[in-house]
**Student:** 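Below: one structure in structure tokens.
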Amino acid sequence: MPRLLLALALLAAVLAACSGGPATPPSDVLRVVATTTVLADLVKHVGRDDVAVTSIVPKGGVVETFDPSPRDIASISEADLVVMNGLGLDNWLERVVDAAAPDVPVVRLGEDLPGAAYIGEDGGTNPHLWLDVSNGVRYAERIRDALVTADPANSDAYRTGGDAYVARLRELDGWVRERVDSVPSGNRKLVSFHEAFPYFAQAYGLEIVGSVLGVPGQEPAAGEVAALVDSIRESGAKAVFTEAGFNPGLAESIASEAGVAVESDLYNDSLGDPPVDTYEGLIRWDTQRIVEALGGQG
């Protein structure tokens, strides 16, 4: 992370410069910094008007390889609460917090999450739990509890907001199950761009055939591409799914060689433009495109 040390060295200057920047939130709201737009949206819907939340990684950014700027570090130094996923997805944040705000409470939403059925990945744990909406519910509940602890004066509001949001997410979870159930059983096979969708597949009855990229930003070897093409043909998978913000060229080549369709605009780590500008919108968008591409009713 070559820019991090420079960013930390410039922190004091940035903090001084921030006085001429955008207006700061009112002093009576809890200032929360989240690593991604998805996590920030969860905080916003639980905390509502009693929180001011910002995301470090911008819309469309890649969280796994993100390099924070001095202004990002300044925002962390001014936060009352920091929210991250953990499990290796955004662990670069820990160094920033240690240097800029060692006393700020940090919530690691994905770690030691009660009730979550973790999926192993290359000796670790796949971090994309929120794509199973039942885990999104668990994230929202953990956020609610963290807000209550950080700001007990507004605990009733956080509980009310959290409970209302959890109810909406439970309805969303049922909606996803209904949509996926419309896919013919033999078509419930998923080929993703990278390994972001195993929790979605596990929760909603899909089989992961393979992924185009094993590691974000790292091109697969020719043998790995050939093996994936063979797996697609042998499994009878109907489509290869890629993600918005990434070049779909490799996935299109693999899909063409395997003789299947390509769907190029799923979302996982980041929100997008409407209607994918909320966590709920992201889940509905991905579900509709996956279901329709696999022959169901989106």
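For this chain, numbers begin at 1 and follow the sequence in order. Excluded from the calculations below are hydrogen atoms, water molecules and symmetry mates; all remaining heavy atoms, backbone and side chain alike, are included.
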**Student:** Please examine the side chains of K59 and D273, heavy atoms only from C-beta on, and report whether any two atoms are closer than 4.5 Å.
**Tutor:** yes
**Student:** Shortest non-hydrogen contact from V57 to T37?
**Tutor:** O-CG2, 3.8 Å
**Student:** Of the non-hydrogen atoms in V46 and A140, which two are nearest, and what is the gap between them?
**Tutor:** CG2-O, 3.9 Å
**Student:** Checking T160 against R48 for the side-chain contact (heavy atoms from CB on, under 4.5 Å) test, could you report, in this order, the C-alpha distance in whole Å, the side-chain angles of both residues, the deciding distance, and whether it holds?
**Tutor:** CA-CA 10 Å; T160 298; R48 302 193 289 191; 3.5 Å; yes
**Student:** Please determine, by modelled atom types, if E243 and N268 share a side-chain donor-acceptor pair under 3.5 angstrom.
**Tutor:** yes
**Student:** Specify the closest pair of heavy atoms between A239 and V191, including all atoms of both residues, with the distance to one decimal.
**Tutor:** O-CB, 3.7 Å
**Student:** Are the side chain of E280 and the backbone N or O of R168 linked by a donor-acceptor pair below 3.5 Å?
**Tutor:** no
**Student:** Between V137 and D173, is there a side-chain heavy-atom distance shorter than 4.5 Å?
**Tutor:** no
**Student:** What is the ring orientation for W285 with Y267, classed by angle as parallel under 30°, tilted 30 to 60°, or perpendicular over 60°?
**Tutor:** perpendicular
**Student:** Counting distance only, does the side-chain N/O of S77 pair as donor-acceptor with the main-chain N or O of A74 below 3.5 Å?
**Tutor:** yes
**Student:** Rounded to the nearest 0.5 Å, what's the gap from CG on D181 to OH on Y204? Could you check?
**Tutor:** 11.5 Å
**Student:** How far apart are the closest heavy atoms of L294 and P184, and which atoms are they?
**Tutor:** O-CD, 3.9 Å
**Student:** What's the verdict on side-chain contact (heavy atoms from CB on, under 4.5 Å) for N91 and M84, showing C-alpha distance, side-chain angles and the deciding distance?
**Tutor:** CA-CA 8 Å; N91 285 1; M84 62 186 292; 3.8 Å; yes
**Student:** Regarding S55 and T36, is there a side-chain donor-to-acceptor distance under 3.5 Å anywhere?
**Tutor:** no
**Student:** Does I119 offer a backbone N or O that forms a donor-acceptor pair with the side chain of N126 under 3.5 Å?
**Tutor:** no
**Student:** Give a yes or no answer on whether the side chain of R179 reaches the backbone of V291 with a donor-acceptor pair at less than 3.5 Å.
**Tutor:** no
**Student:** Looking at OG of S211 and CG of L190, how far apart are the two atoms once the value is rounded to the nearest 0.5 Å?
**Tutor:** 8.0 Å
**Student:** If only atom types and distance count, is the side chain of R177 paired as donor or acceptor with the main-chain N or O of A203 below 3.5 Å?
**Tutor:** yes
**Student:** Which atom names give the shortest non-hydrogen contact between P198 and E195, and what distance separates them?
**Tutor:** CD-O, 3.7 Å
**Student:** Taking it one step at a time, do L228 and V225 satisfy side-chain contact (heavy atoms from CB on, under 4.5 Å)?
**Tutor:** CA-CA 5 Å; L228 178 58; V225 170; 5.8 Å; no
**Student:** Taking C-beta and beyond as the side chain, do I56 and I76 meet within less than 4.5 Å on heavy atoms?
**Tutor:** yes
**Student:** Are W130 and N135 packed together at the side-chain level, in the sense that at least one heavy-atom pair is separated by less than 4.5 angstrom?
**Tutor:** no
**Student:** Decide yes or no for V97 and E94: does some side-chain heavy atom of the first lie under 4.5 Å from some side-chain heavy atom of the second?
**Tutor:** no
**Student:** As an exercise, state the distance from OG of S134 to OH of Y199, rounded to the nearest 0.5 Å.
**Tutor:** 11.0 Å
**Student:** Does E252, at its CD atom, have more than 12 non-hydrogen atoms belonging to other residues, nucleotides or ligands within less than 6.0 Å?
**Tutor:** yes
**Student:** Considering residues, nucleotides and ligands other than K189, do more than 12 of their heavy atoms fall under 6.0 Å from its NZ?
**Tutor:** yes
**Student:** Looking at W92, does the NZ or CZ of R95 lie under 6.0 angstrom from its six-membered ring centre and within 45 degrees of the ring axis?
**Tutor:** no
**Student:** Fit a plane to each ring of F197 and F200, take the angle between them on a 0 to 90° scale, and name the class: parallel (under 30°), tilted (30 to 60°) or perpendicular (over 60°).
**Tutor:** perpendicular
**Student:** Looking only at atom types and distance, does a side-chain atom of R31 sit under 3.5 Å from a main-chain N or O of E78, one as donor and one as acceptor?
**Tutor:** yes
**Student:** My understanding is that only residues two or more places apart in sequence, or in another chain, count here; which of them pass side chain to side chain donor-acceptor pair (under 3.5 Å) with D163?
**Tutor:** R144
**Student:** Please walk me through it: do S69 and D72 pass side-chain hydrogen bond (donor to acceptor under 3.5 Å, both in side chains)?
**Tutor:** CA-CA 5 Å; S69 71; D72 297 324; 3.1 Å; yes
**Student:** Taking the side chain as everything from C-beta on, heavy atoms only, tell me whether D49 gets closer than 4.5 Å to V29.
**Tutor:** no
**Student:** Within the distance-only criterion (no hydrogens, no angle test), does the side chain of R188 pair as donor or acceptor with the backbone N or O of V183 below 3.5 angstrom?
**Tutor:** yes
**Student:** For a quick check under 3.5 Å, do Y118 and D112 share a side-chain donor-acceptor pair by atom type?
**Tutor:** no
**Student:** How far apart are the closest heavy atoms of A79 and V104, and which atoms are they?
**Tutor:** O-CG2, 3.5 Å
**Student:** Could you measure the distance from the CG atom of L89 to the OG1 atom of T35? Nearest 0.5 Å is fine.
**Tutor:** 6.5 Å
**Student:** For D90 and N85, indicate whether the former's side chain and the latter's backbone hold a donor-acceptor pair under 3.5 Å.
**Tutor:** yes
**Student:** Mind checking the CD1-CD spacing from I254 to E224? Nearest 0.5 Å is all I need.
**Tutor:** 10.0 Å
**Student:** Looking at CZ of R289 and CG of L266, how far apart are the two atoms once the value is rounded to the nearest 0.5 Å?
**Tutor:** 8.5 Å
**Student:** Is the closest side-chain heavy-atom distance between Y279 and V133 below 4.5 Å?
**Tutor:** yes
**Student:** Spell out, as yes or no, whether a donor-acceptor pair under 3.5 Å connects the side chain of T287 to the backbone of V176.
**Tutor:** no
**Student:** Do Y158 and D151 get their side chains close enough for a donor-acceptor pair, meaning under 3.5 Å?
**Tutor:** yes
**Student:** Can you find a pair of side-chain heavy atoms, one from I290 and one from L206, that are under 4.5 Å apart?
**Tutor:** yes
**Student:** Going through the distances and angles, do D269 and E64 end up as a side-chain contact (heavy atoms from CB on, under 4.5 Å)?
**Tutor:** CA-CA 9 Å; D269 297 333; E64 293 95 336; 3.3 Å; yes
**Student:** Using atom types as modelled and distance alone, determine if a side-chain donor or acceptor of S182 lies under 3.5 Å from a backbone N or O of G296.
**Tutor:** no
